[in-house]
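Lettering of chains follows the sequences in order, A, B, ..., and the numbering in each one begins at 1.
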Amino acid sequence: MTDIATQQQQIDDAIAGFIAKSIAENPVVLFMKGVPDQPRCGFSATVVQILDHLGVEFAGVDVLQSEALRQGIKAFSDWPTIPQLYVNGEFVGGCDIIREMFQSGELKTLLTEQGVATA
Amino acid sequence: MGAVAQSIRAKLSAAFSPTRLEVEDDSARHHGHAGSRPGGESHFNLVIESPHFEGLNRVQRQRAVLAALAEELAGPVHALSISARAPGEAA
């Protein structure tokens with residue numbers, strides 16, 4: 001392997017480690033564009049609004065801070081778009097899925113079952 | 001209908017034999033946003049109903065639709081909103 005390939009692998013491993021740590025340490029994590037107080041994409045903003053509406057505490061991770069993270073989260077979940085919501089380490093879905101689950105009441109049920117407090 | 005919308009429609013029809021298929025070009029509403037293009041056809045809303053989705057969860061359904069449209073997503077399409085249902089399911 002060339003040095004550049006080795007370095008890229010080290011970056012990928014570090015990013016995967018960061019993602020794994022984020023979802024292990026926080027019950028609810030949203031990988032998003034921008035931060036919860038200032039989303040920089042309409043789809044991310046929608047999911048933030050839903051989580052706020054349900055009174056869920058969550059950790060927001062801004063993928064725009066790092067191109068490697070932005071690509072890494074897509075590889076991690078095998079999901080091509082952002083935002084991405086994780087609950088207790090499990091990938092739940094992106095904006096469409098979260099919106100549908102919110103509208104049908106399933107999201108609140110899932111969060112309750114997973115022991116995540118909602119208001 | 002634009003060329004991209006036609007291509008989306010053709011690929012979804014071939015992959016899922018849908019019982020209902022709506023392809024709406026939503027680009028105008030995203031004018032000036034990231035990924036918007038002068039000719040439109042960058043943002044789409046899809047509603048697809050197909051027996052292929054029975055027994056699949058939401059994540060699996062979206063993955064299947066996105067896989068069928070990989071070429072469009074790698075090219076002109078910046079964002080897709082997808083509602084994928086099996087026949088008989090509530091909207």
Side-chain angles (χ1 to χ4, degrees), chain A residues 23 28-35 38-50 62-65 67 70-71 73-111 113-114, chain B residues 8 11-12 15-16 18 20-36 42-50 53-86 88-91:
Chain A
I23 64 176
V28 183
V29 185
L30 181 65
F31 291 87
M32 60 180 290
K33 293 182 179 176
V35 294
Q38 203 167 1
R40 292 177 60 189
C41 154
F43 299 101
S44 290
T46 297
V47 178
V48 168
Q49 277 176 9
I50 289 170
D62 181 6
V63 302
L64 297 178
Q65 296 298 315
E67 181 61 25
R70 185 174 175 177
Q71 298 310 323
I73 191 65
K74 295 178 185 178
F76 186 86
S77 54
D78 186 26
W79 190 257
T81 55
I82 289 152
Q84 297 185 9
L85 184 71
Y86 289 77
V87 175
N88 288 335
E90 292 286 330
F91 174 58
V92 179
C95 180
D96 291 333
I97 288 176
I98 299 305
R99 186 167 42 201
E100 282 183 9
M101 290 180 72
F102 169 63
Q103 286 165 350
S104 69
E106 282 168 82
L107 186 60
K108 187 159 190 182
T109 303
L110 172 85
L111 292 166
E113 281 173 1
Q114 292 290 319
Chain B
I8 289 173
K11 287 195 180 163
L12 293 177
F16 301 106
R20 181 179 166 204
L21 177 61
E22 293 171 20
V23 179
E24 180 200 2
D25 183 350
D26 199 33
S27 306
R29 225 163 50 79
H30 297 269
H31 180 72
H33 291 192
S36 77
S42 58
H43 294 65
F44 287 91
N45 293 332
L46 305 183
V47 176
I48 179 167
E49 181 190 274
S50 162
F53 297 137
E54 274 167 24
L56 300 184
N57 68 28
R58 285 195 169 85
V59 169
Q60 291 166 331
R61 290 174 184 187
Q62 292 228 352
R63 279 202 174 115
V65 172
L66 294 168
L69 300 177
E71 205 178 320
E72 284 72 22
L73 285 162
V77 176
H78 173 75
L80 271 185
S81 179
I82 300 167
S83 174
R85 297 192 286 275
E89 289 177 352

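Between Val59(B) and the options Ile97(A), Asp78(A), Val92(A), a side chain to side chain contact (heavy atoms under 4.5 Å, CB included) holds for only Ile97(A).
The distance from atom CG of Leu80(B) to atom OG1 of Thr81(A), rounded to the nearest 0.5 Å, is 9.0 Å.
Counting heavy-atom pairs under 4.5 Å between each of Arg99(A), Arg40(A), Glu106(A), Gln103(A) and chain B puts Glu106(A) at the top.
The backbone N or O of Asp96(A) sits nowhere less than 3.5 Å from a side-chain atom of Arg58(B) that would complete a donor-acceptor pair.
Residue Ile82(B) touches chain A through both its backbone and its side chain, counting heavy-atom pairs closer than 4.5 Å. The part of Ala79(B) that comes within reach of chain A is its side chain, from C-beta onward, which places non-hydrogen atoms under 4.5 angstrom from that chain.
Every residue two or more places apart in sequence or in another chain was checked for a side-chain hydrogen bond (donor to acceptor under 3.5 Å, both in side chains) with Glu54(B), and none qualifies. Evaluation of the side-chain hydrogen bond (donor to acceptor under 3.5 Å, both in side chains) rule for Ser77(A) yields Gln84(A) as partners, not counting sequence neighbours.
In this structure, Glu22(B) places its CD atom where more than 12 heavy-atom neighbours from other residues, nucleotides or ligands lie under 6.0 Å away. More than 12 heavy atoms of other residues, nucleotides or ligands shown are found within 6.0 angstrom of CD on Glu67(A). Atom CD of Gln71(A) has more than 12 neighbouring heavy atoms from other residues, nucleotides or ligands inside a 6.0 Å radius.
Within the 4.5 Å cutoff, the side chain of Pro80(A) has no heavy atoms near those of the Arg63(B) side chain.
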